[in-house]
Amino acid sequence: MAASAVAKPLFACDFEVFGRVQGVFFRKYTESQANSLGVRGWCMNTRDDTVKGQLEAPLPQLNEMKHWLETKGSPSSIIEKATFSAAKEIPDYTFSGFSIKR
């Protein structure tokens with residue numbers, strides 16, 4: 001049986017997190033959380049003092065990562081809000097893992 005026959009559908013979305021999310025190891029904790037959930041994508045600081053990125057995963061893991069970005073973050077972060085694009089189904093991963101862009 002082909003691996004794709006048993007693979008869960010994959011979804012992708014963009015995100016941006018607002019608040020005190022720079023200088024508090026937010027990206028490093030995001031990378032760690034994504035890796036623990038098997039979520040692929042990337043994150044980076046913006047000039048607007050936010051963190052933005054992309055996520056790719058089966059829907060349960062994607063939703064768990066989104067919830068983490070909205071409510072947890074790094075221990076020293078203060079999340080005011082998080083915005084997400086609509087999750088879109090994708091045929092395959094476009095990232096090999098989760099990375100921090102600089």
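Heavy-atom basis, side chains included; hydrogens, waters and symmetry copies ignored.
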Undergrad: For Thr46, enumerate each residue passing the side chain to side chain donor-acceptor pair (under 3.5 Å) test, keeping only those at least two apart in sequence or located in another chain.
TA: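 Once residues adjacent in sequence are excluded, the partners of Thr46 under the side chain to side chain donor-acceptor pair (under 3.5 Å) criterion are Thr50.
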Undergrad: Please tabulate, for side-chain N and O atoms in residues 75-83, each donor-acceptor pair with protein atoms closer than 3.5 Å (sequence neighbours left out).
TA:
{"from": "Ser77", "atom 1": "OG", "to": "Ser74", "atom 2": "N", "distance (Å)": "3.2"}
{"from": "Ser77", "atom 1": "OG", "to": "Ser74", "atom 2": "O", "distance (Å)": "2.8"}

Undergrad: If the condition is side-chain contact (heavy atoms from CB on, under 4.5 Å), which residues does Ser85 pass it with, not counting sequence neighbours?
TA: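 Counting only residues at least two positions away or on another chain, Ser85 forms a side-chain contact (heavy atoms from CB on, under 4.5 Å) with Cys13, Asp14.
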Undergrad: Taking only residues two or more places apart in sequence, or in another chain, which ones meet Ser99 in a side chain to side chain donor-acceptor pair (under 3.5 Å)?
TA: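 Testing Ser99 for side chain to side chain donor-acceptor pair (under 3.5 Å), a comparison that skips the adjacent residues, returns none.
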Undergrad: What heavy-atom pair brings Phe98 and Val39 nearest, and what distance separates the two atoms?
TA: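 Minimum heavy-atom contact is CB-O, 3.7 Å.
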Undergrad: Can you tell me which residue pairs pass the salt bridge (Lys or Arg N to Asp or Glu O under 4.0 Å) test with a partner in residues 29-49, sequence neighbours excluded?
TA: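 Matches after skipping sequence neighbours: Lys28-Glu31.
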Undergrad: Taking side chain as C-beta onward, heavy atoms only, is Glu70 less than 4.5 Å from Phe84?
TA: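 Glu70 vs Phe84: side chains touch.
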Undergrad: Using a 3.5 Å cut-off and no angle test, enumerate the donor-acceptor pairs between side-chain atoms of residues 62-69 and protein atoms at least two apart in sequence or in another chain.
TA:
{"from": "Asn63", "atom 1": "ND2", "to": "Leu59", "atom 2": "O", "distance (Å)": "3.4"}

Undergrad: Flag yes if more than 12 heavy atoms outside Phe18 fall under 6.0 Å of its CZ atom; otherwise flag no.
TA: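 Buried by this count: over 12 neighbours within 6.0 Å.
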Undergrad: Any donor and acceptor pair, going by atom type alone, linking the side chain of Ser36 with main-chain N or O of Gln33 inside 3.5 Å?
TA: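 Flag set: sc Ser36 to bb Gln33 pair under 3.5 Å.
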Undergrad: Measuring from atom CZ of Arg27 to atom CD1 of Ile100, what distance do you get when rounded to the nearest 0.5 angstrom?
TA: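 Rounded to the nearest 0.5 Å, the CZ-CD1 separation comes out at 5.5 Å.
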Undergrad: Counting C-beta onward and ignoring hydrogens, is there a side-chain heavy-atom pair between Phe15 and Cys43 closer than 4.5 Å?
TA: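 Yes, side chains in contact.
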Undergrad: Check for a donor-acceptor pair, side chain of Glu56 on one end and backbone N or O of Thr94 on the other, with a separation under 3.5 Å.
TA: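 Such a contact is found between Glu56 side chain and Thr94 backbone.
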Undergrad: Remaining members of Met44's ILVMFWY cluster at a side-chain heavy-atom cut-off under 4.5 Å?
TA: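 Trp42, Phe95, listed by chain and number.
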Undergrad: With ILVMFWY side chains joined below 4.5 Å, transitively, what does Leu10's cluster contain besides itself?
TA: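 So far as hydrophobic clustering goes, Leu10 is joined with Ile90, Tyr93.
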Undergrad: Enumerate the salt bridge (Lys or Arg N to Asp or Glu O under 4.0 Å) contacts for residues 83-102, please, sequence neighbours excluded, ordered by first and then second residue.
TA: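 The answer is none; no pair qualifies.
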